[in-house]
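See structure below.
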Amino acid sequence: MPYSAEEARLIAMPDEDYMNAEQLDFFRQRLLEEKAQVEDHLREVRTAIASHERDSDELDQAAFEEELRLQLRQADRETRLLANIVEALRRIDSGDYGYCEETGEPIGIPRLLLRPTARLCLEAKERQEQQEHHYRKARGEG
């Protein structure tokens, strides 16, 4: 995925400028926009669920229930994403944004552009995923 001119400029900034005011403002704005989109979609889902009339046709009702199940799963994921966005905004305010919660090392602009809510650097995330995979395998789930 090619970067926008603004994103490329952020990436090109020297390492000593990491998480400067311009970068923090950029990510704050991106997170606020994503937060608004998620909140809008969650409102739409709630409205769709509330406005559904129970249909006497069993086939229509079954189709609605399957759609409802999918929408509720999506809403659950988006609710967790919303919490992650709020937490990322809190980290911007506290000065912790952009730094790995495990190692304290910079997460990096390219990773944050892909996942602005990232809390772990790539190495720590890979380590976490390996541990989760090992745990699932040990339990016979993988």
Sorted by chain and residue number, the side chain to side chain donor-acceptor pair (under 3.5 Å) partners of Arg90 (sequence neighbours excluded) come out as Glu87
Applying side chain to side chain donor-acceptor pair (under 3.5 Å) to Glu22 and not counting sequence neighbours gives Arg9
For Leu24 and Ile92, the nearest pair of non-hydrogen atoms, with its separation, is O-CD1, 4.1 Å
CZ of Arg69 to CD of Glu65, rounded to nearest 0.5 Å, is 11.0 Å
Glu7 side chain vs Ser4 backbone, donor-acceptor pair below 3.5 Å
yes
Quick note, ring-ring contact (aromatic ring centres under 6.0 Å, His included) partners involving residues 26-47, not counting sequence neighbours, are Phe27-Tyr97
Applying side chain to side chain donor-acceptor pair (under 3.5 Å) to Arg119 and not counting sequence neighbours gives Glu101
Sorted by chain and residue number, the salt bridge (Lys or Arg N to Asp or Glu O under 4.0 Å) partners of Glu39 (sequence neighbours excluded) come out as Lys35
Q: I would like to know whether Leu82 and Glu78 meet side-chain contact (heavy atoms from CB on, under 4.5 Å); could you show each step before the answer?
A: CA-CA 6 Å; Leu82 190 57; Glu78 289 182 348; over 6 Å; no
Contacts satisfying salt bridge (Lys or Arg N to Asp or Glu O under 4.0 Å) that involve residues 10-20 (not counting sequence neighbours) are none
Quiz item: Under a 4.0 Å N-O cut-off, is there an ion pair linking Arg127 with Glu132?
Solution: no
| message | If hydrophobic clusters are built from ILVMFWY residues whose side chains come within less than 4.5 Å, do Tyr3 and Met19 share one? | response | yes
In this structure, CD of Gln71 is separated from CD of Glu66 (nearest 0.5 Å) by 11.0 Å
Applied to residues 4-23, the ring-ring contact (aromatic ring centres under 6.0 Å, His included) test, sequence neighbours excluded, yields Tyr18-Tyr99
For Gln37, the side chain to side chain donor-acceptor pair (under 3.5 Å) test, sequence neighbours excluded, returns none
Query raised in the report: Going hydrophobic residue to hydrophobic residue with side-chain gaps under 4.5 angstrom, can you get from Ile109 over to Leu120?
Result: no
What one should report as the nearest heavy-atom pair of Pro106 and Cys121 is O-CB, 4.1 Å
- Query: Run the side-chain contact (heavy atoms from CB on, under 4.5 Å) check on Glu34 and Leu81 step by step: do they pass?
  - Reply: CA-CA 9 Å; Glu34 189 172 358; Leu81 173 60; 3.6 Å; yes
Taken in chain and number order and not counting sequence neighbours, the residues that satisfy side-chain contact (heavy atoms from CB on, under 4.5 Å) with Ala118 are Ile107, Arg111, Leu112, Arg115
Taking every heavy atom of Ala88 against every heavy atom of Pro116, the minimum-distance pair comes out as CB-O, 4.2 Å
With sequence neighbours left out, the residues meeting side-chain contact (heavy atoms from CB on, under 4.5 Å) with Arg77 are Arg73, Gln74, Arg80
Rounding to 0.5 Å, atoms CG (Leu10) and CG (Asn20) come to a distance of 8.0 Å
The side-chain contact (heavy atoms from CB on, under 4.5 Å) partners of Leu72 (sequence neighbours excluded) come to Ile49, Leu68
- [ ] Check for a donor-acceptor pair, side chain of Ser94 on one end and backbone N or O of Arg91 on the other, with a separation under 3.5 Å.
- [x] yes
Sequence neighbours excluded, the answer for side-chain contact (heavy atoms from CB on, under 4.5 Å) partners of Glu33 is Gln29
Problem - Donor-acceptor contact present, side-chain Arg28 to main-chain Gln23, <3.5 Å - result: no
